[in-house]
Protein chains: 2
Amino acid sequence: MPDIDPGSLPERKRGSGVKMVYDLLRDEILDLKLAPGSPIDEVQLAERFKMSRTPIREALVRLAGDGLIETLPNRSTMVSNIDFLNLSTFFDALVLMYRVTTRLAAQNHRAEDLPSIRRFHEDYSAAIEARDTSAMIATNAAFHAAIAEAGRNPYFAGLFRRLLDEGRRILRLYYQSYDEHFPQQFVDEHAEIIAAIEARDLEAADRLGKVHAEQIVAQVQKLFSRTGKLDIAL
Amino acid sequence: MPDIDPGSLPERKRGSGVKMVYDLLRDEILDLKLAPGSPIDEVQLAERFKMSRTPIREALVRLAGDGLIETLPNRSTMVSNIDFLNLSTFFDALVLMYRVTTRLAAQNHRAEDLPSIRRFHEDYSAAIEARDTSAMIATNAAFHAAIAEAGRNPYFAGLFRRLLDEGRRILRLYYQSYDEHFPQQFVDEHAEIIAAIEARDLEAADRLGKVHAEQIVAQVQKLFSRTGKLDIAL
DNA sequence: TGTGTTCTATTTGTCGACAAGAAAAATACA
DNA sequence: TGTATTTTTCTTGTCGACAAATAGAACACA
């Protein structure tokens with residue numbers, strides 16, 4: 001395994017270790033650098049990050065809280081599997097949260113929210129031109145998470161962020177098998193969504209969020225039905 | 001502080017300590033036995049449960065993940081405050097989740113789900129007759145959580161459970177000031193909801209969930225506007 | 001050779017101790 | 001007396017070590 005070696009400084013600030021481990025492992029899981037089902041070894045991580053098992057363990061507890069890893073009592077802990085059998089429940093929740101958060105953003109956003117939303121929009125566009133799959137997926141999630149923040153409902157934003165995380169893993173599979181297909185269409189839809197939010201057009205925002213979500217869901221479902229779902233994942 | 005002393009057995013099973021601490025603290029927080037803002041001392045908890053700080057800490061990390069406590073870096077950790085200024089976002093999320101989970105239960109429930117739902121319904125009814133406020137609040141949350149489970153969407157169920165938890169704290173305030181008022185009406189509404197679920201009437205379930213939720217929200221809002229919100233909480 | 005049992009090894013859960021950070025107390029100084 | 005600085009104290013974050021639990025290996029036995 002390539003050692004990422006975060007800085008090679010033996011000097012770390014007191015409370016920063018857990019956050020670093022948490023963030024790094026989270027990204028590696030969501031980018032499928034750590035495959036679903038692969039085991040997580042506390043001792044190995046402790047050596048890799050040059051710290052004791054205690055902060056490693058705390059990071060793992062938090063990841064388990066996010067549902068990203070699963071721990072069997074007294075036995076191994078592993079990266080959570082993607083539940084392909086219940087994908088429809090995931091899509092249901094995703095579509096509804098797309099709608100709700102976009103609508104609330106149109107209703108509750110402030111002027112200062114738009115620049116950061118636009119910035120993620122541009123990052124996403126740039127990622128598509130650069131054909132950088134990881135960046136594409138991450139910036140898309142960041143774009144919609146920013147919209148959810150502008151909607152100013154922390155409960156919806158929290159669920160949506162979790163769904164977008166899980167979506168990062170699923171989209172990863174999607175783009176691994178179809179590298180040549182890049183959704184320019186999504187860029188245009190993002191622009192429309194921004195316009196509806198800025199115009200405070202609740203109905204349009206709702207409708208566009210719904211269409212955009214169903215667009216993505218349909219593409220992923222088409223892919224999975226064509227490939228037979230499991231040959232990629234297992 | 002009254003020492004609850006969980007069994008006074010020095011013999012505990014290996015992995016059970018954290019769960020016990022987590023469950024107990026969670027209940028104490030949700031029942032307002034631990035007031036919002038009150039400090040949490042790891043050493044004190046370690047002595048109370050007769051275990052080392054390590055498992056205590058793990059339980060606290062999980063509670064922080066649930067948003068029930070907040071930790072200031074290198075400084076104290078305390079029970080999360082109830083955000084009265086943003087109550088409307090809470091109510092928005094609550095109403096939508098009432099609707100969605102009830103509708104999904106009408107759509108996806110299986111025969112074996114109904115007995116446990118009915119049992120919580122009866123527990124709630126019994127709690128009202130017994131004038132047991134804590135039990136009333138807890139069984140009401142359990143009733144709706146069971147409906148959400150029957151809806152078989154873990155994402156919605158997870159958010160809803162979190163909202164019901166927060167609702168337990170808010171309802172606690174509500175009933176502390178109006179002990180004499182007991183909502184028999186809610187029992188009847190619960191019965192209607194069960195009937196709609198059993199009949200697989202999606203629209204009725206949706207509508208009843210919405211009405212039921214707005215009923216509760218309206219009562220709590222009326223109370224808070226009458227008392228000026230903060231004199232109870234602070 | 002197949003099955004049940006004991007032993008070993010690895011990994012997790014828990015512990016007690018120590019050190020860093022920050023608030024509070026004590027002191028110095030104008 | 002009021003303010004700045006040092007000291008003290010108390011809590012948290014981290015560490016290394018040990019013990020329990022489990023899986024797998026080694027073994028016994030038919």
Side-chain angles (χ1 to χ4, degrees), chain A residues 1 5-26 29 34-35 37-80, chain B residues 1 5-26 29 34-35 37-80:
Chain A
M1 179 179 297
D5 190 39
S8 64
L9 313 165
E11 298 298 329
R12 258 178 295 97
K13 270 176 238 157
R14 194 167 145 82
S16 71
V18 287
K19 180 168 165 42
M20 155 175 284
V21 175
Y22 172 82
D23 287 338
L24 201 61
L25 284 182
R26 184 171 172 280
I29 292 172
L34 288 175
S38 56
I40 304 227
D41 183 0
E42 295 177 3
V43 179
Q44 192 175 321
L45 288 174
E47 290 171 2
R48 176 176 164 195
F49 291 101
K50 303 210 170 27
M51 55 177 73
S52 122
R53 277 175 52 224
T54 311
I56 302 284
R57 232 156 180 290
E58 181 172 331
L60 293 183
V61 169
R62 283 166 56 180
L63 287 170
D66 295 341
L68 294 179
I69 65 175
E70 285 169 7
T71 77
L72 309 201
N74 282 320
R75 253 183 289 155
S76 64
T77 142
M78 60 158 106
V79 178
S80 295
Chain B
M1 178 179 298
D5 190 37
S8 65
L9 313 165
E11 299 296 329
R12 258 177 292 97
K13 272 176 235 158
R14 193 168 146 81
S16 70
V18 286
K19 179 167 165 44
M20 155 174 282
V21 175
Y22 172 83
D23 288 339
L24 202 61
L25 284 183
R26 183 171 172 279
I29 292 172
L34 288 175
S38 56
I40 305 234
D41 183 0
E42 296 177 2
V43 178
Q44 193 175 320
L45 288 174
E47 289 172 2
R48 175 176 165 197
F49 291 102
K50 305 215 170 24
M51 55 177 73
S52 125
R53 276 176 52 226
T54 311
I56 302 284
R57 231 155 182 292
E58 180 172 331
L60 293 184
V61 169
R62 283 166 55 179
L63 288 170
D66 296 342
L68 293 179
I69 65 174
E70 286 168 7
T71 74
L72 289 282
N74 279 322
R75 217 52 207 149
S76 66
T77 142
M78 60 158 106
V79 179
S80 294

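Naming convention: chains lettered A, B, ... in sequence-line order (proteins, then strands); numbering from 1 in each chain. Basis for what follows: all heavy atoms, side chains included, without hydrogens, waters or symmetry-related copies.
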For a quick test of reading the model, state the closest non-hydrogen atom pair linking [X] to [Y] and the distance between them.
| X | Y | answer |
| --- | --- | --- |
| A:Glu42 | A:Leu60 | CG-CD1, 3.8 Å |
| B:Leu24 | B:Arg48 | CD2-NH2, 3.9 Å |
| B:Asp41 | B:Val43 | OD1-N, 3.1 Å |
| A:Ala46 | A:Arg53 | CB-CG, 4.1 Å |
| A:Ala35 | A:Ser38 | O-OG, 2.6 Å |

| Just the endpoints, please: which first and last nucleotides of DNA chain D, 5' to 3', lie under 4.0 Å from a heavy atom of chain B? |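 Here the contact window of chain B covers D:dT12 to D:dA21.
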| request: Name the residue closer to the 5' end of DNA chain C, choosing between A:Thr54 and A:Arg75 according to the nucleotide with the nearest heavy atom. | output: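 Looking at DNA chain C, the more 5' nearest nucleotide goes with A:Arg75.
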What is the nucleic acid contact for [X], judged by heavy atoms within less than 4.0 Å: base, sugar-phosphate only, or nothing?
| X | answer |
| --- | --- |
| A:Glu58 | nothing |
| A:Leu60 | nothing |
| A:Thr77 | sugar-phosphate |

| field | Spacing of B:Asn74 atom CG relative to C:dA20 atom P, expressed in whole Å | value |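 The answer, rounded to whole Å, is 12 Å.
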| request: Output the distance between atom NZ (B:Lys13) and atom NZ (B:Lys19), rounded to the nearest 0.5 Å. | output: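 Here the rounded value is 12.0 Å.
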| request: Return the 5'-most residue of the pair A:Arg53, B:Asp41 with respect to DNA chain D, ranking by each residue's nearest nucleotide. | output: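 Its nearest nucleotide being more 5', the pick is B:Asp41.
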